Amino acid sequence: TAGAPWISREYARAVRRPRANVIADEIFKSGAFPGDTDLRVLAHPSGPLPGADLIFAENGFGYHTGKDAPGRIQVGDLARCGGHTLALVAALLSAPEFSGPRWHR
């Protein structure tokens, strides 16, 4: 995560088998992939929001497009992503970088 490497650090610490790939970020930035991610869809208009994009690569081409459908995601994948998300949120809330007035407005 550009500008917030502590998020990647906490992800690696919190998740049992973390996986990451910078190639996906480059593909999204190029516009070659028609889908989108939760972080980009929910990004704050006043500037970049530090965070982690957890995406589904398999059948992910329709994510946040008109082709999006719940059936594209396997139940096991959804459960695993949910577990990763909960572990990451707990780790981020405990991280020293998360303290201070910037995060507590």
Side-chain angles (χ1 to χ4, degrees):
T1 54
W6 61 277
I7 295 174
S8 297
R9 181 196 69 222
E10 294 301 324
Y11 173 71
R13 288 181 185 172
V15 174
R16 185 172 164 220
R17 286 185 284 196
R19 303 229 194 304
N21 191 326
V22 296
I23 294 172
D25 187 49
E26 294 301 320
I27 291 171
F28 275 107
K29 286 179 183 175
S30 76
F33 193 82
D36 215 334
T37 70
D38 291 333
L39 186 62
R40 288 183 2 156
V41 167
L42 299 173
H44 197 274
S46 67
L49 179 68
D53 257 330
L54 305 176
I55 66 167
F56 299 100
E58 187 175 338
N59 291 323
F61 58 87
Y63 201 50
H64 290 307
T65 71
K67 297 177 182 178
D68 204 349
R72 293 186 175 277
I73 301 172
Q74 303 277 332
V75 173
D77 292 341
L78 189 58
R80 194 170 19 265
C81 186
H84 285 193
T85 302
L86 288 174
L88 177 57
V89 167
L92 293 177
L93 290 173
S94 301
E97 291 89 348
F98 193 69
S99 63
R102 176 179 180 199
W103 301 105
H104 302 282
R105 291 182 191 174

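Because the structure is a prediction, the values reported are computed rather than measured.
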So side-chain hydrogen bond (donor to acceptor under 3.5 Å, both in side chains) across residues 78-88, not counting sequence neighbours, yields D77-R80

Between E10 and L92 the two heavy atoms that sit nearest each other are CB-CD2, 3.9 Å

Applying side chain to side chain contact (heavy atoms under 4.5 Å, CB included) to L86 and not counting sequence neighbours gives none

Closest non-hydrogen contact found for A14 with A91 is CB-CB, 3.6 Å

Separation between CZ (R19) and OH (Y11), nearest 0.5 Å, reads 8.0 Å

